[in-house]
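Note that the coordinates shown come from a computational prediction; the quantities given were computed from them, not determined experimentally. Proteins get letters first, then strands, A, B, ... in listed order; numbering begins at 1 in each.
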There are 2 protein chains.
Amino acid sequence: MALNLNQLKAFFAVAQTLNYTEAARRLYVTQSAVSHAVATLAKSAGDDLFGKAGGRLALTGSGKILYKACEAVFYELERAEEQIAAARGRNTGTIKLGATVEFGTTLLVKYLKGFIKKNPGVHVDFQFRHELLRPLLNDELDLVIDCRNHKAEGLEKTPLFREDYAVIASREFLRAHKVRRPQDLGRCPVLSMDKAGAWWGNFLGALPAAERPEFKNITELNHIRAIINAAMEGLGVGFVPRYCVLKEFKARTLVNVFPQLKLLEDNFYVYQKTGKAGLERHRNLLGYLKNIKTAQLERA
Amino acid sequence: MALNLNQLKAFFAVAQTLNYTEAARRLYVTQSAVSHAVATLAKSAGDDLFGKAGGRLALTGSGKILYKACEAVFYELERAEEQIAAARGRNTGTIKLGATVEFGTTLLVKYLKGFIKKNPGVHVDFQFRHELLRPLLNDELDLVIDCRNHKAEGLEKTPLFREDYAVIASREFLRAHKVRRPQDLGRCPVLSMDKAGAWWGNFLGALPAAERPEFKNITELNHIRAIINAAMEGLGVGFVPRYCVLKEFKARTLVNVFPQLKLLEDNFYVYQKTGKAGLERHRNLLGYLKNIKTAQLERA
DNA sequence: TATCTACCATGAATATTATGAATTATACTA
DNA sequence: TAGTATAATTCATAATATTCATGGTAGATA
């Protein structure tokens with residue numbers, strides 16, 4: 001079994017994407033090259049590495065064993081590479097950083113300016129989307145900032161800071177719908193990230209069962225900025241992280257509907273694969289991110 | 001830094017031998033190939049991996065970092081390779097087993113017949129020498145059985161069994177030298193593995209200080225079998241593990257000089273690099289070896 | 001069922017990379 | 001200073017990886 005890093009890389013990419021064509025794209029070679037590489041590797045391993053389960057590509061038992069080894073091997077080599085550079089006074093490497101759309105576009109890019117300046121050798125790429133877990137798991141992203149609670153094998157989670165939420169609406173809307181108490185929202189159009197209304201969970205959870213409104217009219221909007229704008233237009237009440245609407249509160253274009261209500265808070269976490277947690281550039285970025293305080297966010 | 005396993009292997013071999021020519025021999029390629037490989041690797045790492053300290057080759061800082069990574073990487077890959085084979089019902093791989101000369105040649109080879117039969121896929125190579133630690137550390141040996149106490153970074157030690165020693169001499173010799181008590185050995189020719197007489201340490205340590213003989217006449221012989229044969233020829237008194245001379249005692253060609261004396265015992269240990277301890281073939285062999293009881297050795 | 005479409009496998013040609021033989025360079029030794 | 005052991009070079013060649021062009025297959029679509 002004369003192993004070979006190129007073949008292992010090809011195998012690893014296929015294993016992560018479960019798609020030869022996509023793996024080839026990721027490696028900047030042709031699909032044929034990947035196919036050849038994996039075939040040769042399988043031959044020298046003496047066993048097929050991929051099989052087909054219901055039309056889909058899937059790792060065989062041997063494939064799974066090799067995949068684990070590849071993870072360890074590549075992370076180990078990456079670590080060594082970085083250390084060698086670091087020992088010579090250079091920090092290097094790329095961090096593919098993921099975050100939710102609103103947080104990323106409005107705050108993260110601004111706040112990270114300092115980190116990027118401090119670490120000129122480290123390149124940071126951004127991906128702002130709602131789906132963050134899968135890209136993290138198959139190495140499309142290295143580091144992810146999310147307020148959702150993920151659990152997965154080999155994933156490391158670091159708490160960052162707390163965000164609190166606010167119920168928002170325009171002045172006119174409130175007047176028109178006569179909103180006084182939480183129950184009143186039952187008869188209002190409600191803006192939510194999801195049709196089921198789970199998005200409002202933190203709000204509902206903060207209320208005694210008797211006072212919980214039952215939403216009749218939910219409008220789905222898959223971006224927080226869209227919810228904010230819709231609320232300003234008087235299309236409904238929204239529920240968003242407070243840091244997103246500080247300006248609007250100040251400009252009085254939006255109202256914090258229940259300012260006295262103590263809402264359950266969500267925690268922002270940084271997620272990364274355990275194997276990557278040892279990377280210096282990851283540790284540096286994490287250290288930087290940990291200094292983010294909600295206050296600073298509000299100032300930003 | 002486009003790494004490559006061949007280059008890493010070349011580098012690793014050079015790092016272990018600190019000699020390009022020797023590394024080449026080990027990899028079954030020419031010195032030129034190794035030189036090329038390491039040079040290319042160094043270029044892509046952006047730093048020299050070896051430097052010369054007083055004419056001797058030595059790892060640079062970057063080299064040391066890479067060496068650590070290589071260790072992890074190669075052991076990881078080897079483990080994967082073995083697991084893949086094992087998952088398909090085959091046990092494979094080679095174990096380079098080291099032991100002291102006398103123990104290895106007389107007992108180990110016999111006793112391991114069972115293991116070799118049970119594990120047809122696993123190949124065992126033997127190296128019986130006195131110097132076992134260094135070959136173990138630079139991977140010339142995978143597993144070493146030794147009664148000496150070694151301590152080194154990243155080395156794992158498993159106790160096997162105890163051996164006890166005996167002072168031996170021929171009947172004629174004892175008569176001629178009138179040996180009755182330990183002190184009498186001071187005026188006898190003494191057979192030892194080392195000129196300094198440290199070999200007899202366990203014997204001397206078993207005696208109260210007052211009864212300790214001071215050897216005047218030490219003959220160095222670097223094989224236990226040689227000591228035994230010399231003792232039989234009447235060239236001196238020897239000090240050897242009891243299991244080596246059971247036959248001679250029975251045939252009355254040698255005498256157990258102080259049978260009543262409770263000699264300090266030495267423990268036999270199996271040593272292996274920590275990284276290799278996870279290998280299945282290692283675990284199997286260790287399990288087999290642990291079943292060795294002194295009694296069985298005597299029967300063998 | 002015929003026809004797409006999105007995949008992956010294969011074979012031959014080509015580009016790239018590793019290796020070996022021979023030689024030169026270097027450093028230590030006597 | 002020559003002698004020895006070792007590493008670096010150079011250049012030709014062998015081995016390997018990659019591409020290009022093509023064929024095959026399974027699932028989806030009409």
Side-chain angles (χ1 to χ4, degrees), chain A residues 1-60 62-63 66-67 70 73-74 77 138, chain B residues 1-60 62-64 66-67 70 73-74 77 138 140:
Chain A
M1 188 164 172
L3 291 173
N4 167 314
L5 263 200
N6 269 327
Q7 290 169 9
L8 288 177
K9 269 182 193 151
F11 161 76
F12 196 53
V14 174
Q16 288 181 325
T17 58
L18 294 178
N19 179 321
Y20 279 71
T21 313
E22 178 55 29
R25 203 168 302 142
R26 210 188 261 201
L27 298 168
Y28 305 105
V29 294
T30 61
Q31 171 269 318
S32 171
V34 175
S35 176
H36 278 300
V38 173
T40 310
L41 180 60
K43 201 159 63 181
S44 68
D47 192 15
D48 282 348
L49 301 171
F50 296 102
K52 280 189 187 171
R56 293 255 142 266
L57 222 53
L59 282 167
T60 62
S62 297
L66 199 57
Y67 182 80
C70 281
V73 163
F74 291 129
L77 289 177
N138 70 20
Chain B
M1 188 162 171
L3 292 172
N4 166 315
L5 263 200
N6 269 329
Q7 289 168 9
L8 289 177
K9 270 184 192 150
F11 162 76
F12 196 53
V14 175
Q16 290 182 324
T17 57
L18 293 179
N19 178 318
Y20 279 72
T21 314
E22 176 56 29
R25 204 170 300 142
R26 209 189 261 201
L27 298 168
Y28 305 106
V29 294
T30 60
Q31 171 266 321
S32 167
V34 175
S35 176
H36 279 299
V38 173
T40 311
L41 180 61
K43 200 159 62 183
S44 66
D47 192 16
D48 282 349
L49 301 171
F50 295 102
K52 281 190 184 169
R56 291 257 143 266
L57 222 52
L59 282 167
T60 62
S62 298
K64 278 179 196 161
L66 198 58
Y67 182 80
C70 280
V73 164
F74 291 130
L77 290 176
N138 69 22
E140 276 171 64

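- Closest approach of Thr17(B) and Arg26(B) over heavy atoms only: CG2-NH2, 3.5 Å.
- Side-chain contact between Val34(B) and Val29(B): present, with at least one pair of heavy atoms (C-beta onward) separated by less than 4.5 Å.
- Taking the six-membered ring for Trp and thresholds of 30 and 60 degrees, Phe12(B) and Phe74(B) have ring planes inclined between 30 and 60 degrees apart.
- At its two ends the helix from dT1(C)-dA30(D) to dA30(C)-dT1(D) runs along axes set 30° apart, each axis drawn from five pairs and the angle rounded to 10°.
- A 4.5 Å side-chain heavy-atom check between Leu66(B) and Leu8(B) finds at least one atom pair inside the cut-off.
- If you check residues 14-23 of chain B against DNA chain C, you find no residue with a heavy atom closer than 4.0 Å.
- Atom NZ of Lys43(B) is separated from atom C1' of dT9(D) by 13 Å (rounded to the nearest Å).
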Exercise. Which is it for Val14(A) and Leu49(A) under the side-chain contact (heavy atoms from CB on, under 4.5 Å) test, yes or no, and what are the steps along the way?
Worked result: CA-CA 10 Å; Val14(A) 174; Leu49(A) 301 171; over 6 Å; no
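- Between Tyr20(B) and Phe50(B), the angle of the ring planes goes over 60°, which puts this pair in the perpendicular group of the 30/60° scheme.
- A donor-acceptor contact shorter than 3.5 Å is absent between the side chain of Ser35(B) and the backbone of Gln31(B).
- Nucleotide dC7(C) holds its C1' atom 14 Å from the CZ atom of Phe50(A), rounded to whole Å.
- Distance CG (Leu5(B)) to C1' (dT16(D)): 15 Å, rounded to an integer number of Å.
- Between Leu57(A) and Asn19(A), the closest heavy-atom pair is CD2-N, 4.1 Å.
- Residues Thr40(A) and Asn4(A) fail the side-chain proximity criterion, which asks for heavy atoms closer than 4.5 Å.
- Using a 4.5 Å heavy-atom threshold, the side chains of Leu3(A) and Leu41(A) count as touching.
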Seminar exercise, completed: In 5'-to-3' order, the base (B), backbone-only (S) or no-contact (-) status of each nucleotide in nucleotides 13-30 of chain C, using a 4.0 angstrom heavy-atom cut-off, is -----SBBB------S--
